[in-house]
There are 2 protein chains.
Amino acid sequence: MRTLKYAILGLLNKEPMTGYDIGKEFSRDLGEFWTAKHSQIYPELKKLLNEGLIVYEIQISGEILEKKLYSITEEGKEDFLQWLKKAEPIEPTPKDVFRLRMYFSNHLDVTTRLDLLEHQLLQHQDRLEHLRKNKERYETIPPLDSDNFGDYLVLDGAILRETGIIQWLENFISYCKK
Amino acid sequence: MRTLKYAILGLLNKEPMTGYDIGKEFSRDLGEFWTAKHSQIYPELKKLLNEGLIVYEIQISGEILEKKLYSITEEGKEDFLQWLKKAEPIEPTPKDVFRLRMYFSNHLDVTTRLDLLEHQLLQHQDRLEHLRKNKERYETIPPLDSDNFGDYLVLDGAILRETGIIQWLENFISYCKK
DNA sequence: CGCGACATGTAAGCAGTTACATGATTAT
DNA sequence: ATAATCATGTAACTGCTTACATGTCGCG
């Protein structure tokens with residue numbers, strides 16, 4: 001499906017960036033729903049370059065360090081917008097190792113189960129708190145056509161996801177305690 | 001992480017099965033959080049066999065059709081239970097193509113956006129309804145140590161997940177309509 | 001007899017992670 | 001000076017999907 005391709009085109013569609021910058025975007029809010037390591041990003045950039053969807057210019061930083069500042073071409077923009085507006089069937093449900101484990105949890109004694117659950121709960125509560133803190137930056141919903149809107153959406157989605165997981169964990173914990 | 005390995009061991013720990021049966025389990029409720037195709041299952045079974053974690057006996061079905069009925073060994077059980085009780089950090093957040101697309105949605109006009117959102121909403125509502133119907137089979141919560149308990153948990157988790165997604169989509173739709 | 005489900009495998013390729021490898025810049 | 005961050009790449013491997021390939025069983 002070449003999703004990484006479109007993730008990169010989408011980012012370059014906002015503004016020119018280096019491969020390193022793209023990697024950093026994936027560790028911000030966008031990373032709640034898509035990420036890639038630099039070892040995947042650099043080869044993909046090379047591919048997009050060959051396909052004529054992006055170009056780069058060398059920037060000198062400091063004395064000698066060359067960095068490649070990539071920007072999207074007209075062809076790249078078209079390709080990206082085609083992808084963006086296409087209606088697709090929903091994805092198969094994403095894999096989740098912890099829930100797979102809990103599917104088999106009838107083979108664990110109740111104390112072990114509770115330990116595992118509390119451990120998960122704490123981590124998800126941390127993540128939720130962190131997301132809520134990020135969302136506080138927005139006193140109001142950003143305009144529909146601003147770059148910030150996507151960020152806001154992703155945060156909202158991640159908060160609802162974490163809330164659901166926490167609710168599930170709490171239900172489960174209360175079953176175990178009865 | 002060899003997760004498929006443990007998914008298979010977990011299923012065989014309930015009862016002996018063929019590779020085909022394992023594939024079918026992944027298209028039931030467990031499939032909400034883990035799946036694998038037969039092209040991945042058969043090679044993995046071969047590997048587990050070599051590792052001594054499972055064994056099989058040939059069953060004749062009809063006149064000549066040989067099927068391999070796999071069961072877990074003592075060594076397999078131990079390995080599985082070790083995996084099951086180990087506390088792990090939470091997984092990095094799962095990828096989601098649709099949310100990635102919506103991250104870039106400020107480049108779409110409002111009608112296209114609403115089309116895409118309604119399209120997703122319908123599909124998630126269908127999935128939710130289907131899950132709720134499955135859950136109706138349980139009038140009460142199954143006992144903590146029964147095989148059904150895992151099934152119930154998974155359903156509960158999937159329902160909460162879908163509810164969160166639907167809520168997010170509805171929020172998003174209402175922003176767009178304002 | 002034909003069709004859908006049962007049943008088992010392999011091959012090619014894409015996507016993603018971990019590890020290997022190198023070097024410059026900036027702030028302390 | 002030295003550590004953290006900036007910056008770019010490749011290689012080996014795991015996991016997973018799609019397609020290729022084959023044959024049986026049970027039902028209508």
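Just so you know, these numbers come straight off a predicted model, no measurement behind them. All heavy atoms count here, side chains included; hydrogens, waters and symmetry mates do not. Each chain gets a letter, A, B and so on, in the order its sequence line appears, and its residues count up from 1.
Counting any heavy atom pair closer than 4.0 Å across all strands shown, A/T3 reaches no nucleic acid atom. Within 4.0 Å of A/K47, counting heavy atoms only, lies no atom of the nucleic acid at all. Using a 4.0 Å heavy-atom distance criterion, B/K95 is classed as a sugar-phosphate-only contact.
Atom-to-atom, NZ of A/K68 to C1' of D/dC6 comes out at 16 Å; the value is rounded to the nearest Å. The nearest whole Å value for the distance from the CD atom in B/E63 to the P atom in D/dG23 is 18 Å. Look at CZ on B/R2: it is 11 Å from C1' on D/dG15, rounded to the nearest Å. Whole-Å rounding puts the A/L45 CG to D/dT8 P distance at 9 Å. The separation between B/I22 atom CD1 and C/dG9 atom C1' is 15 Å, rounded to whole Å. Between B/E91 atom CD and D/dG15 atom P there is a gap of 13 Å when expressed in whole angstrom units. Taking atom NZ of A/K46 as the reference point, atom C1' of D/dT10 lies 9 Å away to the nearest angstrom. The distance between atom CD of B/E44 and atom P of D/dT14, rounded to the nearest whole Å, is 12 Å.
The pair A/R28-A/E25 meets the salt-bridge criterion, with a side-chain N (NZ, NE, NH1 or NH2) lying under 4.0 Å from an Asp/Glu carboxylate O.
Residue order along DNA chain D, read from the 5' end via each residue's closest nucleotide, puts A/K67 first among A/K67 and A/Q40. Take the nearest nucleotide of DNA chain C for B/P43 and for A/T35: the residue whose nucleotide is more 5' is B/P43.
For the residue pair B/N148 and B/S146, no side-chain donor N or O sits within less than 3.5 Å of a side-chain acceptor on the partner.
For B/F172 and A/Y152, the distance between ring centers is not under 6.0 angstrom.
The listed nucleotides are C/dA7, C/dG16, C/dA24; the one nearest the side chain of A/L65 is C/dA24. The side chain of A/H38 approaches D/dT8 more closely than any other nucleotide in the set D/dT8, C/dA24, D/dC16.
OP1 and OP2 of D/dT8 both lie 4.0 Å or more from every side-chain N or O belonging to A/Y20. Close to C/dT18, at under 4.0 Å from its OP1 or OP2, lies a side-chain N or O of A/K37. One finds no side-chain N or O of B/K24 lying less than 4.0 angstrom from the OP1 or OP2 phosphate oxygen of C/dA5.
The side chain to side chain contact (heavy atoms under 4.5 Å, CB included) test with A/Y103 is passed by exactly one of B/L153, B/D151, B/D147: B/D151.
Classified by interplanar angle (parallel below 30°, tilted 30° to 60°, perpendicular above 60°), the ring pair A/Y6/A/W83 is parallel.
For D/dT18, its base sits under 3.5 Å from the side chain of B/S39 at one donor and acceptor pair at least.
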